[in-house]
Amino acid sequence: MAESRPRVWVSQPLFDDLVGRLAAHFDVHATESVTEHSPQAIADALRDSAGALVTLNEKIGAAQIAEASHLRAIANVGVGYNNLDVPALTAAGIVATNTPDVLTETTADFGFALLMATARRITEAERWLREGQWQQWSFSTLLGADLHGSTLGIVGMGRIGQGIARRARGFGMRVLYHNRSRLPDTVERECGASYTGFDDLLGRADHVVLVLPYSPQVHHLIDAVTLAKMKPSATLVNIARGGIVDEVALADALANGRLAAAGLDVYEGEPAVRPELLALRNVVLTPHIASASLATRRAMVALAIDNLIAALGEGPQAGRPPTPVNPEALATTAGITTAKRQGA
Ligand code: 8YV
């Protein structure tokens, strides 16, 4: 009797031609239309799976893997992986992987675009024009804030933060950054960025961009107290995760002149967006698309598939997924892979 192939779950429609590569190794169960999977549906899908290809929509913790005794790998399509309870996966010997690097430049481009749209009121201006409000040219219509010559504060100076800093240099901006740890001198010089404390950055920056990974420690890092430390003329951009910003406090600051404008690509309850934010004219709202160029989204899926195939002990990189987030779990998977090769 032919040996049954390991089952792999694909949680959302991705790119069929790329996902098709999995079929050479696995019994693939792909979700055919965009689906909001309940926590129980995720547990059901993982129960008999050896691996899964998932997006930020699928939250996977101890409850979802409790009965998944064959599960060995979760490949996340995204650099951020706060949808995964990594300690729980590691404890269960499940390898988690993400998709860094391939999205860095695209996401930095978008962060910059959102900053420009916000500071120069581009979407607000277009809405105003389309509404037929442009009856007469006026010198003081829709005055915004300059990027050139201004001070940019980057919170979270990983790969994407550094990409934004490099772009800011080209715009003649002064760049301050705050990060868990200070970057080496060479990187600071290449980015033209100076390290400073969080409060100092908030107080000095004309524009603040959030690009740090989400963890419970940074939940509502931007709240009424930290917003009050920013210049009332400042712009805030968030391309990280919605939970980093207290959206009620932000909407209040924007409505009451304590902050000039905000550009948001991520939201606490996404895809739901707070009515308080929707009602404001001085906020640019985009639907979590910072990495969404066609080439980059394809590259993310391709890398996630490479990770999944390798983490499940198949393909040329068997046992060596390119970008694991918990390499310590590989030891367990390697044992299984070796046993499988020896026909156990
Ligand atoms: C992805 C993102 O679109 O990579 C990330 O962390 O937020 C986005 O680039 C998202 O993760 C898709 O799952």
Side-chain angles (χ1 to χ4, degrees), residues 34 36 56-57 106-153 164 167-168 170-173 205-211 220 222-224 226-228 230-294 296-297:
V34 177
E36 194 181 327
L56 84 168
N57 291 315
T106 296
T107 307
D109 277 352
F110 187 88
F112 221 84
L114 190 53
L115 172 58
M116 294 196 80
T118 307
R120 293 300 306 274
R121 306 173 64 177
I122 289 177
T123 54
E124 180 189 356
E126 188 190 7
R127 202 174 317 126
W128 184 81
L129 179 152
R130 285 180 189 269
E131 284 167 357
Q133 298 202 50
W134 192 20
Q135 299 298 332
Q136 198 178 17
W137 189 86
S138 135
F139 208 66
S140 55
T141 298
L142 291 155
L143 301 177
D146 280 323
L147 261 61
H148 75 271
S150 71
T151 299
L152 175 64
I164 292 173
R167 284 158 178 76
F171 274 77
M173 301 172 88
D206 299 302
H207 309 284
V208 174
V209 179
L210 305 174
V211 213
H220 288 187
I222 299 294
D223 61 6
T226 44
L227 282 165
M230 293 177 67
K231 297 180 183 178
S233 57
T235 307
L236 176 73
V237 167
N238 187 8
I239 57 166
R241 286 291 182 265
I244 296 170
V245 175
D246 176 344
E247 293 170 347
V248 174
L250 175 65
D252 190 54
L254 288 165
N256 293 298
R258 294 196 304 278
L259 188 71
L264 305 176
D265 187 48
V266 288
Y267 309 86
E268 249 192 304
E270 60 185 60
V273 179
R274 283 184 188 280
E276 299 94 311
L277 291 171
L278 290 169
L280 290 167
R281 56 160 190 81
N282 52 345
V283 55
V284 179
L285 304 168
T286 53
H288 202 147
I289 55 166
S291 67
S293 73
L294 177 59
T296 289
R297 284 280 166 91

Can you name the residues that form a side-chain contact (heavy atoms from CB on, under 4.5 Å) with [X], not counting sequence neighbours?
X      : value
Thr286 : Phe110, Leu114, Asp265, Ile289
Leu143 : Ser140
Arg274 : Glu247, Val248, Glu268, Glu276, Leu277
Thr226 : Phe198, Leu202, Ile222, Asp223

| message | Do Asp206 and Lys231 make a side-chain contact, defined as non-hydrogen atoms from C-beta onward lying under 4.5 Å apart? | response |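 Yes - at least one pair of side-chain heavy atoms lies under 4.5 Å apart.
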What heavy-atom pair brings [X] and [Y] nearest, and what distance separates the two atoms?
X      : Y      : answer
Leu152 : Ala168 : CD2-CB, 3.6 Å
Gly263 : Thr118 : CA-OG1, 3.3 Å
Phe112 : Ile164 : CE1-O, 3.9 Å

| Pair Glu126 + Arg130: basic N to acidic O under 4.0 Å |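 Salt bridge present between Glu126 and Arg130.
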Show every donor-acceptor pair shorter than 3.5 Å between a side-chain atom in residues 233-240 and any protein atom, with sequence neighbours excluded, or say none if there are none.
residue: Thr235; atom: OG1; partner: His207; partner atom: ND1; Å: 3.1
residue: Asn238; atom: OD1; partner: Ala240; partner atom: N; Å: 2.9
residue: Asn238; atom: ND2; partner: Arg241; partner atom: O; Å: 3.2

Report, one line per pair, each donor and acceptor closer than 3.5 Å where one atom sits in a side chain of residues 249-256; sequence neighbours left out.
residue: Asp252; atom: OD1; partner: Asn256; partner atom: ND2; Å: 2.9
residue: Asp252; atom: OD2; partner: Arg258; partner atom: NH2; Å: 2.8
residue: Asn256; atom: ND2; partner: Asp252; partner atom: O; Å: 2.8

Please list, chain by chain and in numerical order, all residues satisfying side chain to side chain donor-acceptor pair (under 3.5 Å) with [X], sequence neighbours excluded.
X      : answer
Thr151 : Arg174
Arg167 : Glu105, Asp109
Glu36  : none
Asn282 : none

| said: If you apply the rule side chain to side chain contact (heavy atoms under 4.5 Å, CB included), what do you find for Val208 with Met230, and how did you get there? | reply: CA-CA 9 Å; Val208 174; Met230 293 177 67; 3.6 Å; yes
| said: Tyr267: which residues meet the ring-ring contact (aromatic ring centres under 6.0 Å, His included) condition with it, sequence neighbours left out? | reply: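 So Tyr267 forms no ring-ring contact (aromatic ring centres under 6.0 Å, His included) with any residue.
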| query | About how many Å separate CZ of Phe171 and CG of Leu115, when rounded to the nearest 0.5 Å? | reply | 9.0 Å
| said: Return the NE2 to CG distance between His288 and Asn57, rounded to the nearest 0.5 Å. | reply: 9.0 Å
| message | Tell me which pairs pass salt bridge (charged side-chain N to carboxylate O under 4.0 Å, His left out) where either residue lies in residues 280-292, with sequence neighbours left out. | response |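 For residues 280-292, and leaving out neighbouring residues, the salt bridge (charged side-chain N to carboxylate O under 4.0 Å, His left out) pairs sorted by first residue read Glu124-Arg281.
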| request: Show the numbers, then the answer: is there a side chain to side chain contact (heavy atoms under 4.5 Å, CB included) between Glu270 and Leu56? | output: CA-CA 11 Å; Glu270 60 185 60; Leu56 84 168; 3.9 Å; yes
